[in-house]
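So the structure is just underneath, and the comments pick up after that.
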Amino acid sequence: MNLLITGGAGFIGSHLIWQVIDQPEVTKIVNLDCLTYAGHLENLEGIHGTHPRYLFEQVDLRDKDAVLRVIRQHDITHVMHLAAESHVDRSITGPADFITTNINGTFHLLEACRTHWSDPASSIQHRASRFLHVSTDEVYGSLAPTAPAFTETTPYAPNSPYSASKAASDMLVRSYHHTYGLPTLITHCSNNYGPRQHPEKFIPVIIQSVLQRQPIPVYGDGMNVRDWLYVSDHCQALWTLLTTGKTGETYNIGGQNEQTNLHLVQQICDLIDELDPSLGGNSRSLITFVPDRPGHDRRYAMDTAKISSELRWQPVHTFEVGLRETVSWYLEHQHGARAVTHGFLAEVSRHY
Ligand code: NAD
Ligand code: TYD
């Protein structure tokens, strides 16, 4: 397997590389990443520049020729496509990059694979290759409080420029399977959390706010519901799907772990109070309700019956264990993360 992972310097992509680099099926991993504000090679310290199976290509998916060059030069047989603009708030204040990266970038990658995998001079045949596209639960839209969870057949109803751009890319992937027979899989996962997440995402925002004794910004009434999955459980599901999933299919991935934002914040406050009493306790007093995100989806929930019955995948981490590991990691690494987060919190308060 000559495996291309796009977005490998980001949060989930870097965890994925750590998890699969030593799998016996892997001959080499090529990490394609242009290193936006969200991409950090420090996430791969210990692999980048040292691991014999690892190669890095600093390439922008928007550069069609460069993407084809990478696929050809490394004779890529398998793709796990994670590179994307991924933050909803940024898609509201500046949607353009979401369109060019998430839609055009995915198109370039599909075209490059189609070209290489159908080239009679290439050693790869369609049947032996795989294109796994990592999408999101957000393409399904927003659920009413007691509505059943999203299944793989729930109609798409994206509400933010981010989710609309991901939905568009999913449609392209689907069309390449139906039209050209590209061996694709599409995954829809719920909110990930864990060490090394970019400080703009909600759980790092909460943790860093508490550590700095700053207000914790909770949008609206805090009653929006998200399903949370520990990042390594997501990566395990992606690997299982790449190696044993059925091509042409889509799979939901989730943690069966719905939380209101407010309850999530309260749990993290209490956990930090327990783990670092020197901060003075009573972190819940930092909770601050701020104006809501425009078009804020009320609830996401995932029905994961398909992946659990077909592939026997289940998350390993309970939320209690995963959250404790995550908070402990931030406590150990708070020095490095502080400066970035502080800047971002100032930026958020300017936007809303
Ligand atoms: P991230 O923002 O942490 O990382 C994205 C990576 O993609 C970065 O390394 C960035 O440099 C790279 N990138 C961005 N634009 C690029 C371009 N034009 N060319 C090359 N590289 C580019 O994202 P993440 O949270 O790790 O998410 C990874 C994927 O998983 C995304 O496709 C996202 O939609 C999906 N997803 C994320 C979550 C979540 O909770 N984080 C949940 C479900 C699905
Ligand atoms: P986020 O991590 O941005 O993920 P997504 O919007 O893709 O689900 O946000 C998770 C939830 O937390 C979402 O309901 C918005 C909310 N939120 C806040 O209340 N305050 C914040 O500062 C952020 C970043 C998010």
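As the structure lists them, so they are numbered: ligands from 1, and atoms in each ligand from 1.
Heavy-atom proximity to His296, at under 4.0 Å, picks out these atoms of ligand 2: 13 (C), 14 (O), 15 (C). The Pro217 neighbourhood of ligand 2 comprises atoms 18 (C), 19 (O), 20 (N), 21 (C), 22 (O), with distances under 4.0 Å to a heavy atom of that residue. The contact set between ligand 2 and Val88, taken as ligand atoms under 4.0 Å from a residue heavy atom, comprises 6 (O), 7 (O).
Nearest to atom 1 (P) of ligand 2 by heavy-atom distance, out of Arg293, Gln259, Arg226, is Arg293.
For ligand 2, the polar-atom distance check finds an N/O of Asn261 within less than 3.5 Å of one of the ligand's N/O atoms. For Val218, no nitrogen or oxygen atom sits less than 3.5 Å from a nitrogen or oxygen atom of ligand 2, counting backbone and side chain alike. Polar contact with ligand 2: absent for Lys201 (N/O pair, distance under 3.5 Å). Residue contacts with ligand 2: Tyr300 is placed with no nitrogen or oxygen under 3.5 Å of a nitrogen or oxygen of the ligand (distance criterion only). Of the N or O atoms in Glu138, one or more lie within a sub-3.5 Å distance of an N or O in ligand 2. On a distance-only criterion, Tyr219 and ligand 2 share at least one N/O pair closer than 3.5 Å.
A cation-pi arrangement, defined by a distance under 6.0 Å to the six-membered ring centre and an angle within 45 degrees of its axis, is present between Arg114 and Tyr180.
A salt bridge links Arg298 with Asp221: the closest approach of a Lys/Arg side-chain nitrogen to an acidic carboxylate oxygen falls below 4.0 angstrom. Here Arg62 pairs with Asp97 in a salt bridge; the nearest charged N to carboxylate O distance falls below 4.0 Å.
The OG1 atom of Thr77 sits 10.0 Å away from the CD1 atom of Ile71 when rounded to the nearest 0.5 Å.
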If you look at each N/O of ligand 1, which protein N/O atoms lie under 3.5 Å away, and at what distance?
| unit_1 | atom_1 | unit_2 | atom_2 | d |
| --- | --- | --- | --- | --- |
| ligand 1 | 2 (O) | Ser86 | OG | 2.7 |
| ligand 1 | 3 (O) | Phe11 | N | 3.1 |
| ligand 1 | 9 (O) | Gly10 | N | 3.0 |
| ligand 1 | 9 (O) | Asp33 | OD1 | 3.4 |
| ligand 1 | 9 (O) | Asp33 | OD2 | 2.6 |
| ligand 1 | 11 (O) | Asp33 | OD1 | 2.6 |
| ligand 1 | 11 (O) | Thr36 | N | 2.9 |
| ligand 1 | 11 (O) | Thr36 | OG1 | 3.1 |
| ligand 1 | 18 (N) | Asp60 | OD1 | 2.9 |
| ligand 1 | 18 (N) | Thr101 | OG1 | 2.9 |
| ligand 1 | 19 (N) | Leu61 | N | 3.0 |
| ligand 1 | 21 (N) | Cys34 | N | 3.2 |
| ligand 1 | 23 (O) | Ser86 | OG | 3.3 |
| ligand 1 | 26 (O) | Phe11 | N | 3.4 |
| ligand 1 | 26 (O) | Ile12 | N | 2.8 |
| ligand 1 | 32 (O) | Leu82 | O | 2.8 |
| ligand 1 | 32 (O) | Lys166 | NZ | 2.7 |
| ligand 1 | 34 (O) | Tyr162 | OH | 2.6 |
| ligand 1 | 34 (O) | Lys166 | NZ | 3.0 |
| ligand 1 | 40 (O) | Asn192 | N | 2.8 |

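Proximity of Glu200 to ligand 2, defined as any heavy-atom pair under 4.0 Å, is confined to the backbone N, CA, C and O atoms. At a heavy-atom distance under 4.0 Å, no atom of Val290 approaches ligand 2.
Side-chain contact check for Thr240 and Arg312: no donor-acceptor pair (N or O, by modelled atom type) lies under 3.5 Å. There is no side-chain donor-acceptor pair under 3.5 Å between His15 and Asn192.
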Item to complete: Dump the intermediate steps for ring-ring contact (aromatic ring centres under 6.0 Å, His included) on Tyr162 and His87, then the final yes or no.
Response: CA-CA 7 Å; Tyr162 163 67; His87 191 44; 8.7 Å; no
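Considering all non-hydrogen atoms of both residues, Pro183 and Ser129 come closest at CG-O, 3.1 Å. When all heavy atoms are compared, the tightest approach of Pro199 to Pro204 is CA-CB, 3.7 Å.
Side-chain atoms of Thr179 never come within 3.5 Å of backbone atoms of Tyr176 as a donor-acceptor pair (strictly under, hydrogens ignored).
Taking the ring centroids of His198 and Tyr37, they lie under the 6.0 Å cut-off.
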